[in-house]
Amino acid sequence: SRAQRDGIANGDFQIVHVAIDNAVSMRDDDGVDVVAVMGGDPGMNELIVTPDIQKIEDIKGGRLFVDAPDTAFALQAYRIYADHGLIRDRDYEVVAVGRGELRVQALKDHSRQSSAVLNVPYSLETKAMGLRSLGDTTDFIGPYQAGSAFGLRAWFASHQELTIRYIAAYIECLSFVLDPANQTLCAKICTSKLKIDPSLADEAVRLLRVPKYGLDPIAAM
């Protein structure tokens, strides 16, 4: 996510799809005038832990693997842990390793007292490996705006027609993905691009269609 924020700020690309906390961070912490033009989803996140952890308090003395330590799903974990009396850097170590598949690998490499917030299909992959889910993160902290598309306000202002066409194309793609008739094709694409087991890809695509869990049909906030 840091690479996406830096790329937007530097003009390397114009639109990113990432958790909306990143846009908040750019505005509040970096002073960059970005604006979100689409929502997307509530994260589809689960708190995944190694098999030795039975409850959140068991993570004390362990580690939390995150993408970036200052935004998005890491913030969910900090809040959940704090609500159970665990304080960052005092009771557990935060280790930034990057995107979903890298957090999966970190959990493989550290088989005790480790945790990460993961969404589909990575949450499915880790559970198939024998790791445990302590629950959906929104069950702990309530509704959450995760997925979004944002960029520089000035760029959107000077490319209004292109922006509208982009949003329209994205919503058309959403309609395709959320149509059960396209399940097989979407699962094959997921398998090919993410290099995951076909059965996990099939389940991941089905979860995308679950109301209030998966993708918002019109990318609303």
Side-chain angles (χ1 to χ4, degrees), residues 1-5 16-30 36 39-148 150 200 204 207 210 212-214 221:
S1 59
R2 169 55 66 182
Q4 290 176 294
R5 300 200 299 271
V16 293
H17 288 260
V18 67
I20 202 168
D21 289 342
N22 290 277
V24 176
S25 175
M26 289 189 72
R27 286 177 60 89
D28 291 356
D29 300 333
D30 303 329
D41 61 76
M44 298 175 278
N45 287 315
E46 294 183 58
L47 182 58
I48 303 295
V49 299
T50 47
D52 56 308
I53 297 175
Q54 302 295 320
K55 59 186 185 300
I56 290 176
E57 288 78 6
D58 293 341
I59 197 62
K60 186 172 184 178
R63 60 191 68 82
L64 170 67
F65 296 115
V66 302
D67 177 353
D70 55 349
T71 61
F73 309 147
L75 303 184
Q76 288 186 302
Y78 302 156
R79 166 70 180 276
I80 293 168
Y81 286 174
D83 286 348
H84 288 77
L86 301 181
I87 304 303
R88 174 186 176 185
D89 298 328
R90 185 193 74 183
D91 298 314
Y92 61 93
E93 178 186 9
V94 177
V95 183
V97 296
R99 61 189 184 275
E101 60 264 41
L102 298 179
R103 300 200 295 280
V104 172
Q105 186 59 52
L107 289 171
K108 289 181 181 178
D109 295 340
H110 299 80
S111 59
R112 292 189 60 80
Q113 264 198 309
S114 297
S115 61
V117 172
L118 292 167
N119 56 13
V120 292
Y122 306 111
S123 55
L124 299 175
E125 184 178 2
T126 50
K127 286 187 283 187
M129 291 162 39
L131 277 73
R132 174 180 290 109
S133 170
L134 294 184
D136 189 318
T137 53
T138 59
D139 290 340
F140 291 104
I141 63 173
Y144 180 77
Q145 178 67 55
S148 71
F150 68 84
L200 296 181
L207 288 172
V210 175
K212 298 184 179 181
Y213 175 84
M221 294 288 180

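Each residue takes its place number in the sequence, starting with 1. All of these numbers come straight from a predicted model, not from anything done at the bench.
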Kindly give the heavy-atom pair with the smallest separation between [X] and [Y], and that separation in Å.
| X | Y | answer |
| --- | --- | --- |
| Tyr78 | Pro69 | OH-O, 2.7 Å |
| Ile20 | Ala36 | CD1-CB, 4.0 Å |
| Ala116 | Leu107 | CB-CD1, 4.0 Å |
| Ile141 | Arg79 | CG2-CG, 3.4 Å |
| Gly130 | Pro51 | O-CG, 3.5 Å |
| Leu200 | Glu125 | CD1-CA, 3.7 Å |

Just checking Lys60: does its NZ atom have more than 12 heavy atoms from other residues, nucleotides or ligands closer to it than 6.0 angstrom?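 Not more than 12 within 6.0 Å, no.
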Residues, nucleotides or ligands: over 12 heavy atoms within 6.0 Å of Arg112 CZ: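 Counting other residues, nucleotides and ligands, CZ of Arg112 stays at 12 neighbours or fewer.
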Which class fits the ring pair His110 and Phe65: parallel under 30°, tilted 30 to 60°, perpendicular over 60°?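 His110 vs Phe65 ring planes: tilted.
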At what distance, to the nearest 0.5 angstrom, does [atom1] of [X] lie from [atom2] of [Y]?
| X | Y | atom1 | atom2 | value |
| --- | --- | --- | --- | --- |
| Leu118 | Met44 | CG | CE | 12.5 Å |
| Asn119 | Asn45 | CG | CG | 5.0 Å |
| Leu207 | Ser123 | CG | OG | 7.5 Å |
| Leu47 | Asp139 | CG | CG | 11.0 Å |
| Asp52 | Gln54 | CG | CD | 8.0 Å |
| Asp41 | Ser148 | CG | OG | 9.0 Å |

Derivation of the side chain to side chain contact (heavy atoms under 4.5 Å, CB included) call for Tyr213 and Thr138: CA-CA 9 Å; Tyr213 175 84; Thr138 59; over 6 Å; no
Would the distance check show the side chain of [X] and the main-chain N or O of [Y] forming a donor-acceptor pair, the cut-off being under 3.5 Å?
| X | Y | value |
| --- | --- | --- |
| Arg88 | Glu93 | no |
| Thr50 | Ser114 | yes |
| Glu57 | Ile59 | no |

Working for side chain to side chain contact (heavy atoms under 4.5 Å, CB included), residues His17 and Gln4: CA-CA 9 Å; His17 288 260; Gln4 290 176 294; 5.7 Å; no
Does a side-chain heavy-atom distance below 4.5 Å link [X] with [Y]?
| X | Y | value |
| --- | --- | --- |
| His84 | Phe140 | yes |
| Val94 | Val66 | yes |
| Lys108 | Val104 | yes |
| Glu46 | Thr126 | no |
| Tyr122 | Ile48 | no |

With side-chain hydrogen bond (donor to acceptor under 3.5 Å, both in side chains) as the criterion, how do Asp21 and Tyr144 come out once you've worked through the C-alpha distance, each side chain's angles and the decisive distance to 0.1 Å? CA-CA 10 Å; Asp21 289 342; Tyr144 180 77; 2.5 Å; yes
Should the pair Arg5-Asp70 be classified as a salt bridge under the 4.0 Å nitrogen-to-oxygen rule?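 Salt bridge flag = yes for Asp70 with Arg5.
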Step by step, work out the side chain to side chain contact (heavy atoms under 4.5 Å, CB included) result for Ile80 and Val117. CA-CA 11 Å; Ile80 293 168; Val117 172; 5.8 Å; no
Name the residue from Ile87, Ile56, Asp91 that meets the side-chain contact (heavy atoms from CB on, under 4.5 Å) definition with Tyr81.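 Going through Ile87, Ile56, Asp91 one by one, the side-chain contact (heavy atoms from CB on, under 4.5 Å) with Tyr81 is satisfied by Ile56 alone.
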